[in-house]
A.B. asks: 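First, the structure itself, so that you have it in front of you.
These numbers were taken from a predicted model, which means no experiment stands behind them. So that the names make sense, note that chain A is the first sequence line, chain B the second, and so on, each numbered from 1.
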Amino acid sequence: MSERRYRPDEIEPRWQALWESERTWEVQNDQGVDAAPQRGRADGGPPRSYVLEMLPYPSGEPHIGHLKCYSIGDAIAHFHRRLGERVLHPMGYDAFGLPAENHAIRTGVHPRESTAESIAAFQRQFRSWGISIDWSRELATDEPSYYRWTQWIFLQLLRAGLAYRREAAVKWCPHDQTVLANEQVDAEGRCERCGALVEVRQLEQWFLRITDYAERLLGDLDSIAWPEHVKTMQRNWIGRSEGAEVNFRCEELGVDYPVFTTRPDTLFGATFFVMAPEHPDVLRLAAGTEHERTVHDYVNHALTESNQERGNAERPKTGVPLGRTVVNPVNGEAIPMFVADYVLMEYGTGAIMAVPAHDERDYEFAIEYGLPIRRVVDGGEGLPYTGDGTIVDSHPKFDGMPNREALGAIVDWLQSEGKGHASVNYRLRDWLISRQRYWGCPIPVVYCDGCGLVPVPEEDLPVRLPDIDDYQPKGRSPLAAAEDWVDTRCPECGGRARRETDTMDTFVDSSWYFLRYCDATNERAAWDRAALREWMPVDQYIGGVEHAILHLMYARFLTKALKDLDLLDFDEPFRALFTVGMVTKDGAKMSKSRGNVVSPASIVERVGADTARCYVLFFGPPDQDADWSDEGMEGVHRFLGRLWRLAAETADAGDGARAVPELPVNAAGADLELLRKTHWAIEKVSSDLRRFAFNTAIAAVMELLNDCYRLREDVEPATQAYAVANAASLLFPFAPFVGADAFELLTGARVWEQPWPVADESLLEHEEYELVCQVNGRVRDRVMAPSDAGEAELVALCMAAPNVVSHVDGRDVVRQVVVPGRLVNVVVR
RNA sequence: GCGGGCGUGGUGGAACCGGUAGACACGCCGGCCUUAGGAGCCGGUGGGCGAAAGCCCUUGGGGGUUCAAGUCCCUCCGCCCGCACCA
């Protein structure tokens with residue numbers, strides 16, 4: 001036998017070069033304008049599918065997490081291609097963003113350069129990994145040819161009133177010197193990027209009206225095939241609450257203050273009223289009262305506190321009286337007003353009715369300040385009581401009713417009296433997209449002294465990001481320093497105007513890139529609608545669970561907004577989602593500071609890309625976190641070597657006439673056994689691929705290969721060639737280089753041009769099987785049983801099994817449970 | 001506190017619908033081949049008792065449903081994730 005060695009360093013570059021020169025993975029859009037074929041249409045050619053992994057943020061070199069994500073996506077893409085579908089599998093880069101700018105601040109290197117360098121590294125490695133990308137559609141969000149259309153989308157939103165500008169209390173990161181979206185502030189009130197404690201500032205900012213879509217963002221979750229935990233996270237984030245809005249009137253000022261409550265059934269128990277320190281009327285209310293000074297001080301103190309301090313539910317409740325009262329509309333009672341920082345301006349109306357008997361926070365406050373507590377729901381012992389019960393001491397109309405029932409009745413009554421109405425509240429806030437940073441997409445508006453805010457005309461797009469020298473954050477956008485750029489003409493009156501100097505949150509860029517891939521080179525429009533009809537929505541989206549809220553919510557929102565603007569034809573961008581688990585090392589997240597980073601490039605250099613790809617798919621279910629181990633990887637490497645060598649040996653031993661092997665007929669003995677194993681593996685890998693069980697799919701190919709080795713002395717050469725070629729074919733989606741090379745050695749053919757193998761039903765069946773014989777549920781013996789045996793025959797076989805006989809041993813047989821194809825359980829007493 | 005998930009050999013994991021627990025791989029042990037091997041091939045490997053046949057135990061703990069439970073139900077323990085002063 002010749003000494004053949006598996007040499008990934010020779011095999012892999014050869015196939016890379018072929019796929020690159022032949023542009024193997026490119027797909028064309030249909031050109032016919034009228035055709036605008038619907039996806040999957042019977043007469044529209046092969047079915048299509050759109051397989052997409054989240055685009056990477058190019059910073060430095062790709063890491064193992066990228067390798068895992070793109071190995072998953074690539075396996076799915078290959079599988080669908082070989083099932084006969086036309087697969088769109090593109091790639092791009094989320095190239096704007098803070099890290100590149102911070103790097104520029106440190107080194108002076110322009111973000112465009114460092115980003116381009118990183119993109120080049122990603123391109124190199126994606127090719128070396130053999131990811132089957134349609135490179136003709138490649139994009140980067142920092143290219144004017146891309147962000148031109150990001151700006152165009154902004155203008156459409158602006159015109160529709162979905163983008164707006166207002167002054168607001170916003171989250172400000174003192175380190176990065178920029179405002180942040182709510183979503184970019186973590187639970188401790190820290191900037192998600194740099195970890196600095198976030199402050200609150202009043203600033204004029206751009207917002208997108210995502211709250212208009214809260215109900216649809218929530219409801220449409222039911223229509224998409226996403227992991228339940230991601231849907232749950234989005235539901236929590238949207239935070240829908242049903243209740244009522246009720247007006248409390250301050251007679252002294254003649255102003256109505258609406259409050260939102262989820263418990264209108266407890267309205268009669270309201271004994272005081274609380275406003276948030278940020279409420280615009282707080283100072284006005286206190287003015288002229290003896291409390292003016294203390295309110296002023298309290299509000300000032302509250303506003304300077306960090307979110308972290310404010311957000312701590314554990315600390316004692318504080319607040320001060322406003323010296324005013326409001327009237328409870330249900331009973332005409334005047335109750336005192338307070339300002340307290342446990343009431344949030346961002347939620348509801350910034351004011352609450354306080355029902356200390358039935359709310360823990362109000363209770364705590366009432367105890368602290370000696371306020372009356374009035375029970376109106378009879379139920380469990382002790383106060384506060386937040387459970388259900390019977391309404392008491394409220395109003396003859398409602399007393400005695402179960403509180404859930406009273407809730408609706410009270411809302412109806414309020415509504416008929418004009419004192420309130422049913423209402424729904426959301427936790428979701430409008431999306432703040434202004435960033436006082438340089439490396440982002442310029443917001444395409446100008447400010448004219450005469451005309452005010454003027455959108456840049458679409459024909460003048462893109463508003464190009466100018467080059468600057470000084471990236472140092474100064475509390476306003478570094479762009480403000482580019483005077484030549486800021487000074488411009490008003491598109492309406494031609495007079496002097498100044499450009500908007502804030503840039504957009506990078507999440508805007510990544511909220512529509514999947515649309516651009518469908519028509520990536522279109523210079524006249526962001527997309528041709530027919531191109532979107534061909535590919536969208538994405539059939540399978542793949543990416544890290546860390547984007548469960550931010551990116552995935554924004555992309556859904558923008559898709560719905562664009563549909564409402566009649567710019568596309570679907571409501572949801574991603575039909576199915578798969579979330580990729582993290583790769584750790586020694587149980588911890590890989591990081592430079594820990595020194596536990598596994599570099600894909602060095603792994604590929606050492607053992608080849610196939611081993612690296614197969615291993616990240618083999619070492620556990622892909623949606624779970626998994627720990628990297630070099631030893632585990634060696635096992636996969638050995639397996640690939642075994643496959644390749646057996647393919648080479650089998651080819652060498654043949655007569656040189658290579659062809660895709662046909663299924664050998666009339667096989668028996670070892671030949672039949674190996675053919676059965678082959679078809680078992682075909683079935684197993686196919687079904688495992690459909691459920692993203694790559695680890696068990698690869699294990700099935702290992703089993704097949706183990707049998708090829710075990711039986712190789714006993715089978716015909718044709719049988720062996722058939723089995724090994726199928727092993728290579730099944731492995732191709734996970735290890736494309738070895739898969740293609742081994743298959744070619746045996747057959748002379750290109751494996752990716754072969755249809756995915758189909759298991760032969762007759763080979764999946766056996767004429768007999770091992771029947772498990774149980775006595776009282778415990779396995780006592782195993783006997784061979786004919787596959788077509790009836791229940792009576794199976795019982796007889798089982799009862800005759802030696803070890804069953806000894807366990808039954810004259811005891812009474814109560815019953816026999818037969819599971820054909822599996823077991824017989826004899827129940828004795 | 002609310003919501004979601006998880007707990008299986010020395011290790012990563014498998015068992016998809018309640019039906020042979022531990023596939024596959026790592027590690028370890030043994031054999032073969034070789035001048036040599038950190039190469040390759042073959043075999044063994046949950047724990048206990050036993051010469052063997054076989055028996056007993058075993059999926060975080062306890063209880064239950066069932067002919068049959070890793071899987072379903074209850075309960076407790078531990079871990080992970082998301083949300084959280086959200087009215």
A.B. asks: What does B:rG18 pair with, Watson-Crick or G-U, if both distances are under 3.5 Å?
C.D. replies: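 No nucleotide pairs with B:rG18.
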A.B. asks: Salt bridge or not for A:D222 and A:R235, using N-O below 4.0 Å?
C.D. replies: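 Salt bridge between A:D222 and A:R235, a charged N being under 4.0 Å from a carboxylate O: yes.
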A.B. asks: For B:rA23 versus B:rU8, give the span between their P atoms, rounded off to a whole number of Å.
C.D. replies: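 Taking atom P in both B:rA23 and B:rU8, they lie 16 Å apart.
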A.B. asks: With a 4.0 Å cut-off on heavy atoms, is A:V814 in touch with a base, just the backbone sugar-phosphate, or nothing at all?
C.D. replies: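 If one applies the 4.0 Å heavy-atom cut-off, A:V814 turns out to touch nothing in the nucleic acid.
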A.B. asks: In whole angstrom, give the distance that lies between atom CG of A:L640 and atom P of B:rC26.
C.D. replies: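 Going from CG in A:L640 over to P in B:rC26 covers 12 Å.
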A.B. asks: Using the C1' atom as the reference point in each nucleotide, state the distance between B:rA69 and B:rC79 in Å, no decimals.
C.D. replies: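 Here B:rA69 and B:rC79 have their C1' atoms 24 Å from each other.
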A.B. asks: Enter syn or anti for the glycosidic conformation of B:rG47, syn applying to angles within 90° of 0.
C.D. replies: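 Anti for B:rG47; the angle lies over 90° from 0.
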A.B. asks: Indicate for each nucleotide in nucleotides 2-13 of chain B, in 5' to 3' sequence, whether protein heavy atoms under 4.0 Å reach the base (B), only the sugar-phosphate (S), or nothing (-).
C.D. replies: -SS-------BS
A.B. asks: Distance check, C1' atoms only: B:rU34 and B:rG22, in whole angstrom units.
C.D. replies: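 Straight-line distance between the two C1' atoms is 35 Å.
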A.B. asks: Within the structure shown, what part of the strands sits under 4.0 Å from A:N706 by heavy-atom distance: base, sugar-phosphate, or nothing?
C.D. replies: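 Here A:N706 touches the backbone only, sparing every base.
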A.B. asks: A side-chain contact here means heavy atoms from C-beta on lying under 4.5 Å apart; do A:L552 and A:M233 qualify?
C.D. replies: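 Contact flag for A:L552/A:M233 side chains = no.
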A.B. asks: Each nucleotide in nucleotides 45-59 of chain B should get exactly one letter: B, S or -. Can you fill that in based on protein heavy atoms under 4.0 Å?
C.D. replies: ---------SSSS--
A.B. asks: Using Watson-Crick or G-U wobble geometry with both distances under 3.5 Å, which nucleotide pairs with B:rG37?
C.D. replies: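 Paired with no nucleotide.
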A.B. asks: With P as the reference atom in both, quote the distance from B:rG62 to B:rG12 in angstrom, rounded to an integer.
C.D. replies: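 So the two P atoms sit 22 Å from each other.
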A.B. asks: Is the closest side-chain heavy-atom distance between A:Q816 and A:L794 below 4.5 Å?
C.D. replies: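 They are not in side-chain contact.
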A.B. asks: Between B:rC6 and B:rG54, how far is it from one C1' atom to the other, in whole Å?
C.D. replies: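 Rounded to whole Å, the distance is 38 Å.
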A.B. asks: Considering only the C1' atoms, how many Å lie between B:rU71 and B:rU65, rounded to the nearest integer?
C.D. replies: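 That atom pair is separated by 14 Å.
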A.B. asks: Write down the distance separating the C1' atoms in B:rA15 and B:rA68, rounded off to the nearest Å.
C.D. replies: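 It works out to 16 Å between them.
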A.B. asks: State the pairing partner of B:rC6; accept Watson-Crick or G-U wobble contacts with both distances under 3.5 Å, and report none otherwise.
C.D. replies: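 B:rC6 is paired, partner B:rG78.
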A.B. asks: NA contact type, A:E360, heavy-atom cut-off 4.0 Å: base, sugar-phosphate, or nothing?
C.D. replies: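 No contact.
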A.B. asks: Decide, yes or no, whether a salt bridge links A:D610 with A:R613 under the criterion of side-chain N to carboxylate O below 4.0 Å.
C.D. replies: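 No, no charged N to carboxylate O under 4.0 Å.
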